[in-house]
Amino acid sequence: HVQLVESGGGSVQTGGSMRLSCASSRYTYKRNCMGWFRQAPGKDREGVAAVYTGGGRTYLADSAKGRFTISQDNAKSTLYLNMNDLNPEDTAMYYCAAEDSFCAGYPLPGPRDYNHWGQGTQVTVSS
């Protein structure tokens, strides 16, 4: 069973940066894709970024392009989301997810396309 633990959330002012981490307890377990999602109060869970672990290809939602970067560190069994130029609209609970079978929804799988989830880390951006 893959366990995912997010960290790195907190509060930042508009224009600031933050790096989220997602540690996997069983990184050697087969994972075909991993992603970051966010969910603001009263809104649906939104896909932010995805990485296809085999080839390393990454994809970003339009809201994240030019500001966010998704990356993985195999040695540390960790997935990262680097976020720059944050604004209040980025305020949400951020979740990482992993899928160990077929990754549907290419290039940016939706919430139903992942079968493992972390508990989330809160990101708050103040104006």
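Fair warning: this is a prediction, and the values are worked out from it, not measured in the lab.
- The closest side-chain heavy-atom distance from Val123 to Met83 is below 4.5 Å.
- A pairwise comparison of heavy atoms in Ser126 and Pro88 identifies C-CG, 4.4 Å as the closest pair.
- Side-chain N/O atoms of Asn84 and Ser17 include a donor and acceptor closer than 3.5 Å.
- Within 6.0 Å of the CD atom in Gln119, the count of heavy atoms belonging to other residues, nucleotides or ligands does not exceed 12.
- To the nearest 0.5 Å, atom CD of residue Gln122 and atom OG1 of residue Thr91 are 7.5 Å apart.
- In this structure, OG in Ser63 is found 4.5 Å from CD in Glu46, a value given to the nearest 0.5 Å.
- Checking Ser101 against Glu99 by side-chain atom types alone, a donor-acceptor pair falls below 3.5 Å.
- Atom-to-atom distance recorded for Gln72:CD and Thr78:OG1 is 10.5 Å, nearest 0.5 angstrom.
- Using a distance-only test at 3.5 Å, with no hydrogens or angles considered, no donor-acceptor pair links the side chain of Ser21 to the main chain of Ser7.
- Looking only at distances, no side-chain donor or acceptor of Arg57 sits under 3.5 Å from a matching main-chain atom of Thr53.
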Intermediate values then yes/no, side chain to side chain contact (heavy atoms under 4.5 Å, CB included), Tyr94 and Leu81: CA-CA 10 Å; Tyr94 283 71; Leu81 183 68; 4.1 Å; yes

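- Residues Trp117 and Phe37 bring their aromatic ring centres within 6.0 Å.
- Residues Thr14 and Val125 have side chains in contact (heavy-atom distance under 4.5 Å, counting atoms from C-beta outward).
- Interatomic distance, Thr69 OG1 to Leu60 CG, rounded to the nearest 0.5 Å: 6.5 Å.
- Under the ring pair (Phe, Tyr, Trp, His ring centres under 6.0 Å) criterion, Tyr59 pairs with Tyr52, Tyr106, not counting sequence neighbours.
- Using modelled atom types and a 3.5 Å distance limit, the side chains of Asn32 and Asp100 yield no donor-acceptor pair.
- In this structure a side-chain-to-backbone donor-acceptor pair under 3.5 Å is missing from Arg45 to Gln39.
- Here the closest non-hydrogen pair linking Ala40 and Ala92 is N-CB, 3.8 Å.
- A cation-pi contact, defined as under 6.0 Å to the ring centre and within 45° of the axis, is absent between Arg38 and Tyr95.
- Through side-chain heavy atoms spaced under 4.5 Å, either directly or across other Ile, Leu, Val, Met, Phe, Trp or Tyr residues, Phe102 is tied to no other residue.
- Every residue meeting the side chain to side chain contact (heavy atoms under 4.5 Å, CB included) condition with Leu4, not counting sequence neighbours, appears here in chain and number order: Val2, Cys22, Ser24, Met34, Cys96, Ala98, His116.
- Here the closest non-hydrogen pair linking Asp85 and Arg67 is O-NH1, 3.0 Å.
- One N or O on the side chain of Trp36 and one on the backbone of Tyr80 form a donor-acceptor pair closer than 3.5 Å.
- How far OG1 of Thr58 is from CG of Leu108: 10.5 Å, rounded to the nearest 0.5 Å.
- Taking the side chain as every heavy atom from C-beta outward, Val12 and Thr124 never approach each other to under 4.5 Å.
- In this structure, the separation between CE on Met18 and CG on Leu86 is 6.5 Å, given to the nearest 0.5 Å.
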